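Since the structure is predicted, the reported quantities are computational estimates derived from the model, not experimental observations.
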Amino acid sequence: MWANPDWRGGLYPPHGSREDWLADYGQVFNSVEGNTTFYSGTPKEQTIQAWARQAPDDFRFCFKLPRQLTHVQRLKGVEAELEAFWEALEPLVGRLGPMMVQLPRDFGHAELPKLEVLLKHWPKQMPCAVEVRHSDFFHKGEAEKAFNRLLISHEADRVMLDVRPLFSTPAGNHLGMIKAQGEKPKLPLHVISTGKFPIVRFIGHLDSSINERYFAPWRERLGLWIKQGKTPFLFVHTADNRAAPELARRLYTLLTEDAGLPDLGAFLGERQNRLL
């Protein structure tokens, strides 16, 4: 996400226009997890055109398929809607990262044939990543093996949801923690790269020391994937997402020590505050 008013005075200028937020975001971060398509479906043409104008050339949008296709229709009979969705995103070609297929919590092994049909018809030029939440795929049994083989055979990636920091302590009285722990699935973390674009969704805690402890193994793994010629995507959340940019910056800084990545740009809001 990028449209968060809580980031004024930090990532964004304190009195900046909402219309500039994507451009401001793109001066610091080079990718975004696009939830808007999941909840609201295909964006309007003028909206997509505006995103194309505002985002830098090296920026990558990682949209989610609309929940109407994944959760309501459960991937059945979605061919026409998918074609329309991909056609609508045409102005962003060249700036599309892996498209994420987030499946319902009750989408288990029995429904894998529907996912296979989807992947067989997936455009070769568009990377794909799949996030599952059913317990079938977290026991290292035949169901999980079949799922991983399916992804590997179609060069699709498995989204890795790391909720360990979030659930490492009780929520206490913090409303954001209570809400996040109620919404996020408490699933084991299985680290595996089945394609060229591994996606990690890191759900952070309020305590920075907890976040860094759980992120420590990711430093080595992400660095390894980069050395292997892969392009990993790291998306960072916090309980209420107010501190997500700061956490993303901190974790990226840790990665630069290992992988030799370029420094991030300055947060515009912080820079303006220093000039005042």
Q: Give me the ring orientation class for F61 and W51: parallel if the planes are under 30° apart, tilted from 30 to 60°, perpendicular past 60°.
A: parallel

Q) Within a reach of under 6.0 Å around CZ of R242, are more than 12 heavy atoms found that belong to other residues, nucleotides or ligands? A) no

Q: Mark yes or no for whether K114, through its side chain, and R74, through its backbone, hold a donor-acceptor pair below 3.5 Å.
A: yes

Q | Inter-residue atom distance L268.CG - D20.CG, 0.5 Å rounding | A | 9.5 Å

Q. Judged by atom type as modelled, is there a donor-acceptor pair below 3.5 Å linking the side chain of T47 to the main-chain atoms of P43?
A. no

Q.
Apply ring pair (Phe, Tyr, Trp, His ring centres under 6.0 Å) to residues H190 and F138 and explain how you reach the verdict.
A. CA-CA 7 Å; H190 288 188; F138 293 90; 5.7 Å; yes

Q. Do W218 and D162 get their side chains close enough for a donor-acceptor pair, meaning under 3.5 Å?
A. yes

Q. Quick one: does S31's side chain have a donor or acceptor within less than 3.5 Å of a partner on R60's backbone?
A. yes

Q) Side chain of D157, backbone of F197: donor and acceptor closer than 3.5 Å? A) yes

Q: Without swapping roles, check the side chain of Q73 against the backbone of L69 for a donor-acceptor pair under 3.5 Å.
A: no

(Q) Checking E111 against H134: is there a side-chain donor and acceptor pair closer than 3.5 Å? (A) no

(Q) Can you confirm if the NZ or CZ of R18 lies within 45° of the ring axis of Y25 and under 6.0 Å from the centre of its six-membered ring? (A) no

Q. Is there a donor-acceptor pair under 3.5 Å between the side chain of N211 and the backbone N or O of H205?
A. yes

Q. Are more than 12 heavy atoms from other residues, nucleotides or ligands located less than 6.0 Å from atom CD of E45?
A. no

Q) Under 3.5 Å, side chain of T194 to main-chain N/O of L151, donor-acceptor pair present? A) no

**Q.** Backbone of P165 reached by a side-chain donor or acceptor of R213 within 3.5 Å
**A.** no

Q) Just one of L96, L92, L22 clears the side-chain contact (heavy atoms from CB on, under 4.5 Å) bar with F59, so which one? A) L22

Please tabulate, for the side chains in residues 220-234, all donor-acceptor contacts under 3.5 angstrom to protein atoms that are two or more places apart in sequence or on a different chain.
residue : atom : partner : partner atom : Å
K230    : NZ   : S193    : OG           : 2.7
K230    : NZ   : G195    : O            : 3.3

Q: With the side chain counted from C-beta on, respond yes when H174 and L206 share a heavy-atom pair under 4.5 Å apart, and no when they do not.
A: yes

Q: Describe, in one word, how the ring planes of W7 and Y12 are oriented to each other, choosing from parallel (under 30°), tilted (30 to 60°) and perpendicular (over 60°).
A: tilted

Q: Not counting sequence neighbours, list each pair that qualifies as a ring-ring contact (aromatic ring centres under 6.0 Å, His included) and has a residue in residues 140-165.
A: F137-F147

Q.
Do V159 and Q102 have side chains that approach each other closer than 4.5 Å (heavy atoms only, starting at C-beta)?
A. no

(Q) Tell me whether Q181 contacts the main-chain N or O of L166 through its side chain, where contact means a donor paired with an acceptor under 3.5 Å. (A) yes

**Q.** Polar side-chain atom of T37 near backbone of K64 as donor-acceptor pair, under 3.5 Å
**A.** yes

Q | Over-ring placement of R249 relative to F267, 6.0 Å and 45° cut-offs | A | yes

